[in-house]
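First comes the structure, then the notes that go with it.
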Amino acid sequence: MKQIITSFIILFTSLCFAQNTGIIVGKILDKEFNNNPLVLATVSVKGTLIALTTDQTGLFVIENLKDGDYTLLCSFIGYKTEEIKVKVASRTSKNIKISLGADTLSLTEIELLSGLTQKEDKKITTLK
């Protein structure tokens, strides 16, 4: 009898403390190259500190999200950053696929970036 009561208490308390959270599972693909996976693309949840990168198959998993609406920021170097709105419900997983397209840089942007790195290189050499 003690064992039945003990197991009932353990089962009841574990159900009470179970978290009501959701999961976002997604895959980031390369729109420019036959929808191949983008490895090490960055996925972050806007307004939070949650940020991660995709694996070798372009897959990412964000766990322990409370119910609500979230905005995912998906980015990769040389590609346009995409914002995706996702509604998360507890004890469910939301599956999404995102295709990122290439971004273009103008020559003036490249010149500005190159000028910044040259200035940083000069600062480093003067410290030696």
Side-chain angles (χ1 to χ4, degrees):
M1 186 68 177
K2 283 184 178 181
Q3 293 175 346
I4 294 173
I5 293 173
T6 305
S7 60
F8 177 74
I9 291 172
I10 291 172
L11 179 65
F12 181 72
T13 56
S14 65
L15 290 175
C16 290
F17 290 111
Q19 295 180 354
N20 294 328
T21 59
I23 298 173
I24 299 174
V25 178
K27 193 166 196 171
I28 298 184
L29 305 171
D30 186 351
K31 189 185 287 184
E32 305 298 323
F33 194 62
N34 299 327
N35 283 330
N36 285 336
L38 280 175
V39 179
L40 298 177
T42 303
V43 180
S44 60
V45 180
K46 192 173 186 177
T48 69
L49 297 176
I50 299 171
L52 49 101
T53 57
T54 58
D55 65 7
Q56 294 176 345
T57 62
L59 186 70
F60 67 91
V61 178
I62 303 173
E63 298 176 311
N64 298 326
L65 293 172
K66 294 181 181 178
D67 292 351
D69 296 322
Y70 294 93
T71 302
L72 297 181
L73 298 173
C74 305
S75 62
F76 191 74
I77 297 172
Y79 289 75
K80 293 180 184 176
T81 299
E82 295 283 337
E83 285 191 17
I84 307 294
K85 294 189 187 265
V86 179
K87 184 173 182 89
V88 174
S90 61
R91 296 186 183 151
T92 61
S93 85
K94 182 75 174 177
N95 296 319
I96 59 173
K97 278 190 180 179
I98 305 160
S99 293
L100 297 181
D103 197 8
T104 57
L105 291 174
S106 68
L107 289 176
T108 54
E109 290 174 337
I110 294 172
E111 288 174 3
L112 289 173
L113 290 173
S114 116
L116 289 175
T117 56
Q118 288 176 358
K119 288 179 184 176
E120 290 173 358
D121 288 343
K122 287 179 183 176
K123 287 180 184 177
I124 292 172
T125 56
T126 56
L127 292 176
K128 291 181 181 177

Taking T54 for the side chain and L40 for the main chain, is one N or O donor matched with an acceptor at less than 3.5 Å? yes
What closest approach, in Å, do I98 and C74 show between heavy atoms, and which atom pair accounts for it? CD1-SG, 3.2 Å
What pair of heavy atoms forms the shortest contact from G26 to L59, and how long is it? O-CD1, 3.2 Å
Can you tell me how far NZ of K80 sits from OG of S75, rounded to the nearest 0.5 angstrom? 14.5 Å
Please give me the minimum heavy-atom distance between K97 and L29, naming the atom from each residue. CD-CD1, 4.3 Å
Under a 4.5 Å side-chain heavy-atom rule over Ile, Leu, Val, Met, Phe, Trp and Tyr, are L65 and I96 clustered together? yes
Quick check on side chain to side chain contact (heavy atoms under 4.5 Å, CB included): which of D30, T81, I28 does L100 satisfy it with? I28
Step-by-step side chain to side chain contact (heavy atoms under 4.5 Å, CB included) determination, I24 to V45: CA-CA 11 Å; I24 299 174; V45 180; 5.8 Å; no
I84 reachable from Y79 in the ILVMFWY side-chain graph, under 4.5 Å edges: yes
Nearest-0.5 Å distance that lies between atom CD in E32 and atom OG in S99: 10.0 Å
In terms of hydrophobic clustering (I, L, V, M, F, W, Y; side-chain heavy atoms under 4.5 Å; direct or indirect links), are L38 and L73 co-clustered? no
Exam field: side chain N34 to backbone N36, donor-acceptor pair closer than 3.5 Å: no
Does the side chain to side chain contact (heavy atoms under 4.5 Å, CB included) test come out yes or no for I62 and Y70, once each step is laid out? CA-CA 11 Å; I62 303 173; Y70 294 93; over 6 Å; no
Between F60 and L72, is the side chain to side chain contact (heavy atoms under 4.5 Å, CB included) condition met? List the steps. CA-CA 12 Å; F60 67 91; L72 297 181; 4.3 Å; yes
Among the clusters formed by ILVMFWY side chains lying less than 4.5 Å apart, do V86 and I50 turn up in the same one? yes
On a heavy-atom basis, which atom in K94 and which in K87 lie closest, and how many Å separate them? CD-O, 4.1 Å
